[in-house]
Asker: 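Just passing along the structure, written as structure tokens.
Reminder, nothing fancy here: chain letters follow the sequence lines and each chain counts from 1.
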Number of protein chains: 2
Amino acid sequence: MAARRRPRTGGLSTQRIVRAAIEVLDERGFEALTVRAVADRLDTSSGALYQHIASRDELIVLIADHYLGQARLQAGSGMDWRTGVEELMREMRRVLLEAPLPPSASTDRAIWGPGTLRIVDAALGLFLAAGLTNDQAGFATAAIIDFVFGAVAIQRGSGGRGPHGAGDADDISAFLNTLPPDQYLALRTAGPAFLAASAESVFTQGMALVLDGVTSRFFD
Amino acid sequence: MAARRRPRTGGLSTQRIVRAAIEVLDERGFEALTVRAVADRLDTSSGALYQHIASRDELIVLIADHYLGQARLQAGSGMDWRTGVEELMREMRRVLLEAPLPPSASTDRAIWGPGTLRIVDAALGLFLAAGLTNDQAGFATAAIIDFVFGAVAIQRGSGGRGPHGAGDADDISAFLNTLPPDQYLALRTAGPAFLAASAESVFTQGMALVLDGVTSRFFD
DNA sequence: ACCTGAACACCGTTCAAGT
DNA sequence: ACCTGAACACCGTTCAAGT
């Protein structure tokens, strides 16, 4: 007797589909994340998934929100706003860098699931608790989110070279030497510093700039 | 007699391929930008393009660099650094928003073509001229680039709703009312302000924060 | 050296037909 | 109501064969 082909109990659901998709992603990476691969893992046909998801794109949004939901937020533990916001920004960055998704998955489409809203709420809460107005808290929150997403996207995009990629010194001078000698004068001067900085230090310094801006604009 | 099928003179080249791809993109949008569509426009076969480009991805990087190269930079015209940097940031944003590419095209892969380097060089030049050290200029440049890319990506991704999308007031309160009433307290408070702000004002305010940060950290 | 034409190995999505 | 199985209408990329 052949084994039963459909051992799983219960029917499909959006949640089961998202979970299966995340398993595929974690094990085999983004390029293997096809509708057929998710269906295979659930022992069903690819067409069946469309009763629960509208499209592959919608599935990716749900997955991105799942990863954002992994951020560890310690709400209202009595620290000053800047410490809290720094931790929040580092957590956003961590989950985005750890998610095996291209940056576009988190930006090409709007994500308004619970994982994302939790982070937005936490950021607004920290700024409001520090005494900012609703408008100020909104602008500050948007600014830190924009910065973190941009930093992550550019770091992931530049695989090993460039301002957030930290190639080694030889790579960098080799690259600078390919430039026409009468152009890019500032890049020749500051380029080694710009290109050699680690993604970590670029993020830390950029975050300090943004938060200094919040301080000087909204608290001084 | 049938018309000649191949009226164009000369052979293929990377440059002709990029130009044809941009025409396809401008006329028919990103989803119509297939290797076959570019080949058709050049009256050749899709396979032939691979003698001049390594992959569709490489082609997209070349296209993204082209659009970045459209930024209007008025180098060294004697204005103060902050005015110059603001104009540079607005130009980066403008060309990225006008390019009919998804944000991922500018971030999923590193772009180190002339269009991009010109912008990096201009930013470094403005900061160096203002008296920053190489390291400071590098960090400030990375920070403004991260911020602009993030702001553009999130604005483009959120098509009409969300912090950079500016849905109307009814949409926003309808959305907030779908949230569970015991959660997202800060979002309920500051949400209307956060969600209703126009992408323009969010960008302007965020830019002011970042540049205030540069001032207070590197100039005070 | 460069290009053609066809094939390879896939995709996301739809939909009649079944249960 | 939900799922199967097959098809539709494509993809990016490769490569023998031609010139």
Side-chain angles (χ1 to χ4, degrees), chain A residues 2-25 27-64 100-102 104-105 108-109 157, chain B residues 2-25 27-64 100-102 104-105 108-109 157:
Chain A
R4 296 273 273 101
R5 291 235 30 250
R6 195 133 299 115
R8 298 177 186 268
T9 65
L12 289 172
S13 68
T14 305
Q15 215 183 92
R16 282 191 63 208
I17 292 169
V18 172
R19 270 203 284 259
I22 289 165
E23 288 168 19
V24 171
L25 198 52
E27 287 170 20
R28 299 168 50 209
F30 186 72
E31 73 188 87
L33 183 66
T34 65
V35 175
R36 278 172 176 81
V38 176
D40 279 355
R41 177 167 286 259
L42 292 165
D43 280 318
T44 189
S45 65
S46 62
L49 302 193
Y50 287 87
Q51 237 130 20
H52 302 93
I53 57 165
S55 65
R56 179 177 183 268
D57 270 12
E58 187 194 275
L59 178 57
I60 291 174
V61 169
L62 294 170
I63 294 168
L101 294 167
S104 46
D108 277 0
R109 293 160 288 274
Chain B
R4 296 274 273 102
R5 290 234 29 249
R6 195 134 300 113
R8 298 176 187 270
T9 64
L12 289 173
S13 67
T14 305
Q15 215 183 95
R16 281 191 64 208
I17 292 169
V18 171
R19 270 203 284 259
I22 289 165
E23 288 169 20
V24 171
L25 199 52
E27 287 170 19
R28 298 169 51 211
F30 186 71
E31 72 188 87
L33 182 66
T34 64
V35 175
R36 279 172 176 82
V38 176
D40 279 354
R41 178 167 287 259
L42 293 165
D43 280 317
T44 188
S45 64
S46 61
L49 304 192
Y50 287 87
Q51 237 130 21
H52 302 94
I53 58 164
S55 66
R56 179 177 183 269
D57 270 11
E58 187 194 277
L59 178 57
I60 290 174
V61 169
L62 294 170
I63 293 168
L101 293 168
S104 47
D108 278 0
R109 294 159 288 273

Asker: Roughly how far, to the nearest 0.5 Å, is CG of A/Leu33 from CD of A/Glu27?
Answerer: 12.0 Å
Asker: Taking the side chain of A/Arg56 as its heavy atoms from C-beta onward, which of D/dG12, D/dC3, C/dG12 lies nearest to it?
Answerer: C/dG12
Asker: Mind calculating the distance between CD1 (B/Ile53) and C1' (C/dC3) to the nearest angstrom?
Answerer: 15 Å
Asker: For B/Val24 versus B/Ala32, what's the shortest heavy-atom pair and its separation?
Answerer: CG1-O, 3.8 Å
Asker: Can you check whether A/Thr44 has a side-chain N or O nearer than 4.0 Å to OP1 or OP2 of D/dT4?
Answerer: yes
Asker: Okay, side chain of A/Thr14, backbone of A/His52: is any donor-acceptor separation there less than 3.5 Å?
Answerer: yes
Asker: Look at the side chain of A/His52 and decide which nucleotide, out of C/dT13, D/dC3, D/dT14, has an atom nearest to it.
Answerer: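 Closest nucleotide to the A/His52 side chain: D/dC3.
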Asker: Of the options D/dT13, C/dG12, D/dT4, whose atoms approach the side-chain atoms of A/Ala48 most closely?
Answerer: D/dT4
Asker: Closest approach to the side chain of A/Gln51, judged atom by atom: which nucleotide of C/dG12, D/dC2, D/dG12 is it?
Answerer: D/dC2
Asker: In Watson-Crick or G-U wobble terms, both distances under 3.5 Å, what is the partner of C/dT19?
Answerer: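 Here C/dT19 is engaged in a pair, and the nucleotide opposite it is D/dA1.
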Asker: Only pairs with both distances under 3.5 Å count, Watson-Crick or wobble alike; so what is the partner of C/dT14 in this structure?
Answerer: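 D/dA6 is the nucleotide pairing with C/dT14.
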Asker: Looking for any heavy atom pair under 4.0 Å, which part of the strands does A/Ser55 touch: base, sugar-phosphate only, or nothing?
Answerer: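 A/Ser55: backbone/sugar contact only, no base atoms under 4.0 Å.
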Asker: Can you check the A/Arg36 CZ to D/dT4 P distance for me, whole Å?
Answerer: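 It works out to 14 Å between those atoms.
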Asker: Please state the P separation for the pair C/dA9 and D/dA9 - nearest whole angstrom.
Answerer: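 Comparing P positions in C/dA9 and D/dA9 gives a spacing of 23 Å.
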Asker: Between atom CG in A/Leu33 and atom P in C/dC11, what is the gap in whole Å?
Answerer: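 Rounded to the whole Å, the gap is 11 Å.
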Asker: Over all strands shown, is B/Ser45 touching base, sugar-phosphate only, or nothing at heavy-atom distances under 4.0 angstrom?
Answerer: base
